[in-house]
Engineer: 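Pasting a structure below so you can have a look.
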Protein chains: 2
Amino acid sequence: MKKGHQVTMKEIAKKLGVSVSTISRALKDSPELHPETKRKIVEMAKEMNYQPNLLAQSLRISRTKTLGVIVPEITSHFFASCISGIQDHANKRGYNVMICQSNESIDQEIANIKTLVASQVDALLISLSRETNHYEHLYELYSREIPFVLFDRVHEEIPVSKVTFNDAGGAYQVTHHLLEMGCRNIVYVSGPEDLYISKKRKEGYLKALDEYGIKENPELIKISDLTEEGNIRVAQEILMMEPKPDGVFCMIDPVAVDVLTYWKSKGVKVPEEFALAGFTNNPTSAVVEPPLTTVSQPGYEMGKLAVSHLLDQLDGLASDDPISIVLDTTLVPRKSSQKTI
Amino acid sequence: MKKGHQVTMKEIAKKLGVSVSTISRALKDSPELHPETKRKIVEMAKEMNYQPNLLAQSLRISRTKTLGVIVPEITSHFFASCISGIQDHANKRGYNVMICQSNESIDQEIANIKTLVASQVDALLISLSRETNHYEHLYELYSREIPFVLFDRVHEEIPVSKVTFNDAGGAYQVTHHLLEMGCRNIVYVSGPEDLYISKKRKEGYLKALDEYGIKENPELIKISDLTEEGNIRVAQEILMMEPKPDGVFCMIDPVAVDVLTYWKSKGVKVPEEFALAGFTNNPTSAVVEPPLTTVSQPGYEMGKLAVSHLLDQLDGLASDDPISIVLDTTLVPRKSSQKTI
DNA sequence: GTGAAAGCGCTAACAC
DNA sequence: GTGTTAGCGCTTTCAC
């Protein structure tokens, strides 16, 4: 199957007996052209259904007006929202977007960067995969002076702009809420320990405990690999803990949902036996029974801010000096944590 | 902010004292080259960190190895799954993907097509917006011989390949299930009537009724605009119907979830008072209380099939004659419909 | 086995 | 005001 022919400037030029440069000028509304010629050309272009070849244009001006986006997983509602925010605001400013998913694999992430760079995107927006534990590929982008920003899953050391949530703050909000609900023996279910968000959310958890004069108890920190099996294993472990905890804060909503589902199947009562909370405010969290207390992270907003800042830098509207944008989260208290009262 | 310099073939050529054509040949492993020169060039390219400029290459060979994808909404789990399937399988065959969302707007859909075509994508995969009620933009693609396939939300008349679910079959499965559960007075909550899926699912609904000797009752067909308010309005109307229906089949899961949530807030019991079912098998449907009976539509699979067929056509592995691929759905019976027994 | 040259579709400096 | 020319980075015929 082959594509049909596309009208070029050359063809319009021939038809009108003028040169291609005149066509080019007319189509970009250059002021030095005779209005009449301009009118004729624009008309003819329309009639012939001319569509500029962005490829040729990009090659010539060495800018594609295209951004590359890499997310761990497009089917995650949070990342889909980020992408949506990025798209809408990139389009608004005349940029297109190429999206790739790393499927949480560092090799795929590296491969994605490579193709996007080969496709000559003007800049990149990257959220790192869970697996990403070395950062040469990012430093290479940096040293090749290809502009990029990191969002949500970031690497703190690299000197580029980053957009994150106040993860520690959000975790503090949740933990503080659980404490206010009367919990004193709160489990933190973390993801893999080297994940940025695992660390940050632990910080907030510990800070809240500290304010209540409760000191860190390593027994109360459980690690899940974030698979359904891993989450269920943690759910089982918690049931066997001695003394029995009274509250559980899961690093992300899906973990909390898996724990809740497992417990329900075993007749464990939430929030009566355990107050439960998650983080992210996935659509799912609002409809589980009982509805899940969580922390809302506006993904669309994050995408919007990340792309706006990046384009400001590209277009010279913002300094190239890296900045860090930190978005606040909001506690969404629901029934799953209403332990007492 | 500007991008750093990228190594070109010309630079490698200069460094090695050979011509660019030799570089080009070496890098694509042309057999007519002296193995030694080839080795030297490949080595040097690696050393200089050469990355081919896909733009220039595409311009030259007039193929971008890039596909355009247009979906109504990226944040919908179903479409995100489709995209995921498309991406994975396009990449596997050496193609990149540019994704756009129409946000359910026909104007945006037309604009998306325009940019993707201007970007010289080799072909398109399109799922139509809810608003799309005329099809000139598709016929134009067709007449310009730009290959494309339609998936899920299709326009039946246009002679291009389409991938759809057996929507009528799925609706039949659900309705038949509700009938088996003892329902005899079943409401169908449809979306806007000109939507492809509204029509198809109604067909299946009517067919199942017919088999039970029940004839069409227009009173039992409710139309929602698919917004939350619209869905709730329908939920209210159903409560006031006389005689009271015993089963409700909603065209898509989100409608069923809104109805369920509203009813729960009013103390209406599901499945005791109404057996309820949806369509799509969104992640949400599994975790609502009671879990929602629905029909599963594997989006990833749909994306995979659509892109595989399209690439087969592009690569000459399949005939250019349009075909229609129809995927079967699976009934997912859950508690929301266990009315009797 | 390798080089020279043309050209993909476009833009922009330089002529006149 | 408009044409001529060069060139973006690459591939590919045609020489030798």
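Lettering follows sequence order; numbering is per chain, from 1.
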Engineer: Roughly, in whole Å, what's the span from CD in B:Glu32 to P in D:dA15?
Structural biologist: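 Distance, rounded to whole Å: 15 Å.
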Engineer: C:dG9 C1' sits how many Å from A:Gln51 CD, rounded?
Structural biologist: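 Nearest whole value for this atom pair: 14 Å.
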Engineer: How close or far is atom P of D:dG7 from atom CE of B:Met9, stated in whole angstroms?
Structural biologist: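 After rounding, the gap between these two atoms is 19 Å.
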Engineer: Between A:Ile61 (CD1) and C:dC10 (C1'), how many Å, whole number?
Structural biologist: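 About 9 Å, once rounded to whole Å.
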Engineer: Tell me the interatomic distance from B:Lys14, atom NZ, to C:dA4, atom P, rounded to whole angstroms.
Structural biologist: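 After rounding, the reported distance stands at 14 Å.
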Engineer: Is the shortest distance from a Lys or Arg side-chain nitrogen in A:Arg153 or A:Glu104 to a carboxylate oxygen in the other one below 4.0 Å?
Structural biologist: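 Yes, charged N to carboxylate O under 4.0 Å.
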Engineer: Can you see if the side chain of B:Thr37 gets near the phosphate of C:dT2 - specifically, an N or O under 4.0 Å from OP1 or OP2?
Structural biologist: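 Looking at the OP1 and OP2 atoms of C:dT2, one of them is under 4.0 Å from a side-chain N or O of B:Thr37.
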Engineer: First locate atom CZ of B:Arg93, then atom CG of B:Leu314, and finally report the distance between them rounded to the nearest 0.5 Å.
Structural biologist: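 Rounded to the nearest 0.5 Å, the CZ-CG separation comes out at 8.5 Å.
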Engineer: Please pick, from C:dC10, D:dG1, C:dT2, the nucleotide with the shortest atom-to-atom distance to any side-chain atom of A:His34.
Structural biologist: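 In terms of side-chain proximity for A:His34, the closest of C:dC10, D:dG1, C:dT2 is D:dG1.
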Engineer: Once you round it to whole Å, what is the distance between P of D:dC10 and CZ of B:Arg25?
Structural biologist: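 Atom-to-atom, B:Arg25 to D:dC10, this comes out as 15 Å.
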Engineer: Measure CG/A:Leu33 against C1'/C:dA12 and give the value in whole Å, please.
Structural biologist: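 So the two atoms are 14 Å apart, to the nearest Å.
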Engineer: Any idea which of D:dT12, C:dG9, D:dC10 is nearest the A:Asn53 side chain?
Structural biologist: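 Within the option list, the nearest is C:dG9.
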Engineer: Are B:Glu43 and B:Lys46 within salt-bridge range, i.e. N to O under 4.0 Å?
Structural biologist: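 So B:Glu43 does not pair with B:Lys46 through a salt bridge.
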Engineer: Think A:Lys38 has a side-chain N or O under 4.0 angstrom from the OP1 or OP2 of D:dG1?
Structural biologist: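 So the side chain of A:Lys38 is outside the cut-off, no N or O lying under 4.0 Å from OP1 or OP2 of D:dG1.
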Engineer: Salt-bridge test for A:Lys38 and A:Asp29: reply yes if a basic N is under 4.0 Å from a carboxylate O, no otherwise.
Structural biologist: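 So A:Lys38 pairs with A:Asp29 through a salt bridge.
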Engineer: Please give, in whole Å, the distance from D:dT12 P to B:Ile23 CD1?
Structural biologist: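 Rounding to the nearest Å, CD1 of B:Ile23 and P of D:dT12 are 16 Å apart.
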Engineer: Looking at D:dT4, does its base get a donor-acceptor pair with the side chain of A:Ser21 below 3.5 Å?
Structural biologist: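 Flag set: donor-acceptor pair detected.
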Engineer: Is A:Ser24 side chain donor-acceptor paired with the C:dA12 base, going by distance under 3.5 Å alone?
Structural biologist: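 Result: no qualifying N/O pair found.
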Engineer: For the residue pair B:Gln6 and B:Gln51, what are the closest heavy atoms and their distance?
Structural biologist: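 That closest heavy-atom pairing would be OE1-CB, 4.2 Å.
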Engineer: Less than 4.0 angstrom between a side-chain N/O of B:Thr22 and OP1 or OP2 of C:dG3, yes or no?
Structural biologist: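 Yes, such a contact exists.
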